[in-house]
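Both ligands and their constituent atoms are indexed starting at 1 by order of listing.
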Amino acid sequence: MDEFAEIEALCRELIQAGYEYYVLDKPTMSDYEYDHKLRRLEDLEAAHPEAVTPDSPTQRIGGQALESFTQVTHQVPLESLQDVFDFQELEAFDQRVKGAVPNAEYVVEPKVDGLSVALEYLDGIFVRGATRGDGRVGEDVTENLRTVRSIPLKIPDAPSRLIVRGEVYMPKKVFHTLNEERERRGEALFANPRNAAAGSLRQLDPKVAAARKLDIAVFNIQWTEGSDFSTHVETLKYLRDKGFKVIPHNSCSQISEVTEGIQEIGEHRERFPFDIDGAVIKVNDLSQRTTLGSTAKFPRWAAAYKYPPEVKPSQVVDIVIQVGRTGVLTPKAVLSPVRLAGTTVTNATLHNQDFITEKDIRIGDTVLVRKAGEIIPEVLSVVMDKRPEGTQPYFLPQTCPVCGAPVEREEDGAHTRCTGAECPAQLLRNLAHFASRDAMDIDGLGIAVVENLVKAGLVKTPGDLYFLNEDDVAQLERMGKKSAQNLMTALEKSKEQDLSRLIFAFGIRQVGQKAGKILAARFHTLDALQNASLEELTAVDDIGEITAQSILDWMSSPQSRHLIDRLREAGVNMAAAEQGSDQRFAGMTFVLTGALEKFTRDEAGEMIESRGGKSSGSVSKKTTYVVAGEAAGSKLRKAQELGIPVLSEDEFLELLK
Ligand code: AMP
C-alpha cells in the first residue's frame with residue numbers, strides 16, 4: 001500500500017474506532033492499538049502534509065494557543081427555557097400548550113447541566129463551534145470543541161449547511177479524577193462538573209481543553225438546508241445516524257407519561273454520565289412548535305422541570321472523625337442508608353464542633369437529611385421527638401484519632417487541628433512542605449516522589465528522609481538509578497541549610513518564612529529555641545503571643561522532639577549562619593516596590609537581611625528607604641507623602657558597594 005492509501009485507511013479505521021468508543025460507548029479497539037496507529041498516522045502526515053484531511057483524528061489533538069476568543073453572532077438564537085417547579089405548574093404548562101394545539105405530544109429529556117454550544121457544518125465539515133453567550137452572541141471555541149472526541153469532524157451525506165445544538169459536559173468520572181489530581185498537586189478544586197466544563201471550554205490553549213476530556217449530548221437542529229423533518233424525534237434519529245451523540249429521550253402521548261418520565265429521570269439520575277439540573281419537556285411536532293412560537297425569552301413549546309431537593313429522615317448511627325492533610329479534624333455522621341436524589345446516602349459531614357453544638361446532633365438521633373442532585377448531602381436538623389433516652393451531647397475528641405497527639409481549637413476559626421508533627425494523616429503535606437523551595441529546598445522531592453516514598457513505607461516522618469537508602473529509592477515507580485542518586489545528593493546538600501529554613505520547614509502553626517528568619521537570628525541554635533520561655537519568645541520583635549504559644553506547644557510535644565532527634569542524628573544543621581561582619585543596614589527598614597529589573601525581590605531581600613536590615617511590605621514613618629522600580633504605584637506615593645527617601649535600583653546597588 002502506498003503511503004497516501006495508508007493515510008486514508010488509517011484515518012477511516014481510527015475515525016470508526018473513535019466513534020465506537022466515544023459515541024456508542026462500545027470500544028472495539030484497544031487503547032494500545034489506537035495510540036500506536038495514531039502515532040503512525042502522525043508520522044505519515046508529517047511526511048505528507050498535503051494529505052492531511054480536516055477530519056483526520058490528528059486534527060483533534062489541540063493546535064496553537066489563542067490570544068483571545070472572537071465573537072460569533074448566532075444565526076438562530078440559543079434560547080433559554082421556562083422553569084416549572086412542580087407537577088401543578090407542569091399541568092398549567094400543558095394546559096397552555098393544549099389551548100393552542102389540543103393534540104400536542106411531548107418528548108422528555110434529561111436537562112444536562114453543562115454548557116450550550118452551537119456546532120456548524122459546511123458541506124459536512126465541522127467549521128465552527130460557539131458558546132451560547134447571551135443567546136445571541138457567543139464566543140468562537142472551535143479549537144476546543146475539535147478536541148471533544150464525540151463531536152464528528154465530518155458527517156456523511158450532509159446538507160450544504162447544518163447547525164446543531166448540544167450541551168457540552170465534563171463526565172462525572174473525569175471530574176472526580178481531575179479533582180483528585182488537583183488536590184494532590186495542591187491546586188484549587190472545581191466546585192462541580194459544570195464549572196470544570198466551563199473552565200475547560202474557555203481555555204485559550206486547546207491542549208489544556210483536550211486533556212479535560214469533555215463530552216457532548218446533542219439535542220437540537222438549529223438550522224438546516226434541504227432536509228424536511230416533521231418531528232423532534234425524527235431530527236434526533238437523523239442526528240444519531242450522522243454520527244452525533246444524541247440526548248437520551250422518551251416520547252409521551254399523555255401528560256401522565258410525561259410525569260412518569262420526569263420521575264424516572266430523577267430517580268435514575270446517577271446512571272447518566274453527566275449531572276442533570278432538571279428534565280426538559282418539549283412538544284414533538286415541529287409545525288405545532290411554529291404555531292406556539294416564542295416569547296422574548298423562551299419557546300412556548302418547551303419547559304424545564306426543576307427537581308425539588310429531597311429531604312428524608314435518617315438515623316445517626318455513629319460520628320466518626322477524619323483527619324485531613326492539613327491536620328483538621330472533620331466529624332462525619334454515619335447515617336442509616338437513605339435514598340435521596342438518585343443516590344444512596346450513608347454519611348454526611350458535620351463540619352466542626354460549632355455545627356454540631358448549634359444543632360445539638362447526638363449519636364442515636366434521627367436527623368433530616370437533604371440532597372439536591374449532585375450536591376453533597378447535608379444534615380438540616382434533629383427530629384427532637386425521636387431522640388432516644390440517654391443520649392449525650394457530642395464533643396470532638398481531645399486527641400487526634402490517627403496519632404494520639406493533643407488537638408487544638410483554632411483561635412480565629414471553627415477548626416480543630418491535630419498538633420502532631422509526625423501525624424501520618426498529615427505526612428504527605430508535611431513532607432512536601434519540608435522539601436519545598438523556601439524550606440529545605442530538596443531538589444527532586446516533589447509531591448509524586450513523596451507519595452511514592454510514603455506508599456512504599458520508606459518514610460514515616462520527615463526525619464526518615466535522611467535515612468533513605470539509595471537502592472530502595474531507585475526501586476520506586478518512575479525513579480531509576482540516576483534520579484535516586486540525584487535525590488540522595490539533594491538530601492545531603494539540604495542538611496547544610498540555614499536554621500531559619502529548618503524552623504520554617506517544621507510547619508509550626510503561625511511560623512512562616514519570615515518568623516523562621518527572625519527566630520534564627522535571635523536564638524542562633526535550635527537548642528536555644530527549644531529552651532526559650534514564653535517571655536523570651538514574646539520579647540522578640542514581630543513575635544506575638546499566639547505565635548509564641550504555638551512555638552512553645554510544638555517544641556514541647558513528644559513527636560516534635562522525636563523529629564528533632566532524628567534530624568540531629570542525621571547531621572542536619574541546627575545553627576544559624578554566622579552573622580556577616582557587614583552589618584551596614586542594621587536598624588534600617590527597606591520597602592521594595594514596582595517592577596525590579598536588576599534583581600528579584602527575593603534577592604534584594606537577601607542582600608538587605610544579610611547586612612542586618614529588614615525588608616517590609618508597607619511604607620510607614622519607620623521606613624528608611626523605598627527602592628522603586630518601573631511603574632511603582634501607591635507605595636511610592638506614600639513614601640513621597642511621608643518624605644521617605646526613594647532609591648532607584650542603581651542607587652540601591654551603590655549603597656551595597
Ligand atoms: P436555562 O439556562 O436554565 O434557561 O435552561 C436552558 C438551558 O438548558 C439551555 O441553554 C441548554 O443549554 C440546557 N439544556 C440541557 N439539556 C437540554 C435539553 N435536553 N434540551 C434543551 N436544553 C437543554
Counting only nitrogen or oxygen atoms and a 3.5 angstrom limit, does Phe219 reach ligand 1?
no
Answer yes or no: does an N/O atom from Pro110 fall short of 3.5 Å to an N/O atom of ligand 1?
yes
Touching ligand 1 at all, [X]? Heavy atoms, strictly under 4.0 Å?
X      : answer
Arg165 : yes
Leu81  : yes
Gly278 : no
Lys282 : yes

For [X], take its heavy atoms, then give the atoms of ligand 1 lying under 4.0 Å from any of them.
X      : answer
Glu109 : 18 (C), 19 (N), 20 (N)
Ser116 : 10 (O), 11 (C), 12 (O)
Ser80  : 1 (P), 4 (O)

Pick one of side chain, backbone, both or neither for how Ala302 approaches ligand 1, counting any non-hydrogen atom pair under 4.0 Å.
neither
With heavy atoms only and a cut-off of under 4.0 Å, state how Lys111 meets ligand 1: side chain, backbone, both or neither.
both
Cation-pi check for Phe190 against Arg182: NZ or CZ below 6.0 Å from the six-membered ring centre and within 45 degrees of the axis, yes or no?
yes
How far is [atom] from the closest protein heavy atom, and which atom is that?
atom                    : answer
atom 16 (N) of ligand 1 : Val112 N, 3.0 Å
atom 14 (N) of ligand 1 : Glu167 OE1, 3.6 Å
atom 2 (O) of ligand 1  : Arg132 NH1, 3.3 Å

Hey, what's the ring geometry for [X] with [Y], parallel, tilted or perpendicular (30° and 60° as the breaks)?
X      : Y      : answer
Phe244 : Tyr121 : perpendicular
Phe93  : Tyr106 : tilted
Phe272 : Phe274 : parallel

Would a distance-only check, ignoring hydrogens and angles, find a side-chain to backbone donor-acceptor pair under 3.5 Å from Gln353 to Tyr394?
yes
What I want to find out is whether [X] reaches [Y] closely enough, with some N-O distance under 4.0 Å, to be called a salt bridge.
X      : Y      : value
Lys359 : Asp365 : no
Glu234 : Lys237 : no
Asp215 : Lys213 : no

All heavy atoms of His232 vs all of Leu286, minimum pair found to be N-CD2, 3.7 Å
